[in-house]
Undergrad: 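The structure's right below; bear with me while I get my questions together.
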Amino acid sequence: MKKEVKDILSKYLEQNKMRKTVERFAVLDAAYSFDTCFTMEELKTLLEYRSFPISRATLYNSLKLFKRLKLIICHKLQQGTKYEAALSINSNCHQICTLCGKVSKIDSKEISSIVWNTRLKRFHMDSFSLYVYGMCSNCVAKQTRKRNRNNKRRVQTN
């Protein structure tokens, strides 16, 4: 997949007479190294870890270009903006924990089928995003333990 993505970027830069900078390709490679959503800070940290310091402006401009090319998706979430490497994806579903902010991809053929088969009036759909909010299993377990501790304390004080 990385080669295909690099080829798309390379062709776009050539066609638009833009420079093929090492920085753009380093940011693209780093973005496609994540298995899940990432923040700009996490991307910057990864690049620095790889001994490739980069300015915020270059990082921001690269991500903006990649969004335009549909090489990444931008998610505006309660916890802030997160990005996801996604080559020409036309449907994406995510579950988001409202407590810890964890974002996980949902692979559901049923959801995709329902959305794609929905007839929209005077509108041609080319992609969609769906966000399901709730609590992840870790946060549910923490809440349950906390509730159980509080209940034990109430019982002991009575």
Undergrad: Give the minimum heavy-atom separation between Cys136 and Cys97, together with the two atoms involved.
TA: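 So the two residues come closest at N-SG, 3.4 Å.
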Undergrad: Using modelled atom types only, decide if a donor and an acceptor are shared between the side chain of Arg24 and the backbone of Arg19 within a distance under 3.5 Å.
TA: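 Judged by distance alone, yes, a pair lies under 3.5 Å.
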Undergrad: When hydrophobic residues are tied together by side-chain contacts of less than 4.5 Å, even through go-betweens, does Ile114 share a cluster with Trp116?
TA: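 No: no chain of side-chain contacts under 4.5 Å links Ile114 to Trp116.
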Undergrad: In the single-linkage hydrophobic clustering (I, L, V, M, F, W, Y; side-chain heavy atoms under 4.5 Å), do Ile96 and Ile106 co-cluster?
TA: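 No, separate clusters.
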Undergrad: With a 4.0 Å cut-off, would you call Asp7 and Lys3 a salt bridge?
TA: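 Here Asp7 pairs with Lys3 in a salt bridge, since their nearest N and O are under 4.0 Å apart.
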Undergrad: Could you check whether any side-chain heavy atom of Ser10 comes within less than 4.5 Å of a side-chain heavy atom of Lys20, counting everything from C-beta outward?
TA: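 Sidechains of Lys20 and Ser10: in contact.
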Undergrad: Is any side-chain heavy atom of Tyr83 closer than 4.5 Å to one of Leu63?
TA: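 Leu63 vs Tyr83: side chains touch.
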Undergrad: Taking only residues two or more places apart in sequence, or in another chain, which ones meet Phe34 in a side chain to side chain contact (heavy atoms under 4.5 Å, CB included)?
TA: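 Expected list: Phe38, Glu42, Leu43, Leu46.
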Undergrad: Rounded at 0.5 Å granularity, tell me how far CD1 in Ile73 sits from OG in Ser129.
TA: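 Here the rounded value is 6.0 Å.
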Undergrad: Does Ala85 have any side chain to side chain contact (heavy atoms under 4.5 Å, CB included) partners at least two apart in sequence or in another chain, and if so, which?
TA: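 Here the qualifying residues are Tyr32.
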Undergrad: Please list, chain by chain and in numerical order, all residues satisfying ring-ring contact (aromatic ring centres under 6.0 Å, His included) with Tyr133, sequence neighbours excluded.
TA: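 Tyr133 satisfies ring-ring contact (aromatic ring centres under 6.0 Å, His included) with no residue once adjacent residues are dropped.
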Undergrad: Residues two or more places apart in sequence or in another chain: which of them pass ring-ring contact (aromatic ring centres under 6.0 Å, His included) with His75?
TA: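 Checked His75 against ring-ring contact (aromatic ring centres under 6.0 Å, His included); matches are His94, Tyr131.
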Undergrad: Run the side-chain donor-acceptor check on residues 47-59: report pairs under 3.5 Å with partners two or more places apart or on a different chain.
TA:
| residue | atom | partner | partner atom | Å |
| --- | --- | --- | --- | --- |
| Glu48 | OE2 | Lys44 | NZ | 3.3 |
| Arg50 | NH1 | Asp29 | OD2 | 3.0 |
| Arg50 | NH2 | Ser33 | OG | 2.7 |
| Ser55 | OG | Thr58 | N | 3.1 |
| Ser55 | OG | Thr58 | OG1 | 2.9 |
| Arg56 | NH1 | Glu41 | OE2 | 2.9 |
| Arg56 | NH2 | Glu41 | OE2 | 2.0 |

Undergrad: Nearest 0.5 Å, what's the CG-CZ distance between Leu28 and Phe66?
TA: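 Output value for this atom pair is 4.5 Å.
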Undergrad: Would you compute the distance between atom SG of Cys37 and atom CD of Glu84 and round it to the nearest 0.5 angstrom?
TA: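 It comes to 4.5 Å.
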Undergrad: Measure the spacing between CG of Leu120 and CZ of Arg122 and express it to the nearest 0.5 Å.
TA: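 The CG atom of Leu120 sits 13.0 Å away from the CZ atom of Arg122.
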Undergrad: Heavy atoms, side chains only, cut-off 4.5 Å: are Cys93 and Ser108 in contact?
TA: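 Result no, sub-4.5 Å side-chain heavy-atom pair not found.
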Undergrad: Out of curiosity, Met40 CE to Cys74 SG, how far, rounded to the nearest 0.5 Å?
TA: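 So the CE of Met40 and the SG of Cys74 are separated by 8.5 Å.
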Undergrad: Would you check if Val115 and Leu130 make a side-chain contact, meaning some heavy-atom pair closer than 4.5 Å?
TA: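 Result no, sub-4.5 Å side-chain heavy-atom pair not found.
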Undergrad: Can you tell me which residue pairs pass the side-chain hydrogen bond (donor to acceptor under 3.5 Å, both in side chains) test with a partner in residues 141-151, sequence neighbours excluded?
TA: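 Matches after skipping sequence neighbours: Asn150-Arg153, Asn151-Arg154.
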Undergrad: If I take atom CG from residue Leu13 and atom CD1 from residue Ile8, how far apart are they, to the nearest 0.5 angstrom?
TA: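 That separation rounds to 12.0 Å.
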Undergrad: Taking NZ in Lys67 as the centre, count heavy atoms belonging to other residues, nucleotides or ligands within less than 6.0 Å. Is the count above 12?
TA: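 Yes, the 6.0 Å shell around NZ holds more than 12 heavy atoms from other groups.
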Undergrad: Using a distance-only test with no angle check, is there a side-chain donor-acceptor pair under 3.5 angstrom linking Lys105 and Thr36?
TA: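 No pair is found: no donor N or O on one side chain lies under 3.5 Å from an acceptor on the other.
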Undergrad: State plainly whether one hydrophobic cluster holds both Val103 and Val140, where clusters connect Ile, Leu, Val, Met, Phe, Trp and Tyr through side-chain heavy atoms under 4.5 angstrom apart.
TA: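 No, separate clusters.
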Undergrad: Got Asp126 and Lys70 here, is their nearest side-chain heavy-atom distance under 4.5 Å?
TA: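 Yes, side chains in contact.
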Undergrad: Give the cluster check for Tyr60 versus Leu77: same hydrophobic cluster or not, with ILVMFWY residues linked at side-chain heavy-atom distances below 4.5 Å.
TA: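 No, Tyr60 does not connect to Leu77 through the hydrophobic network.
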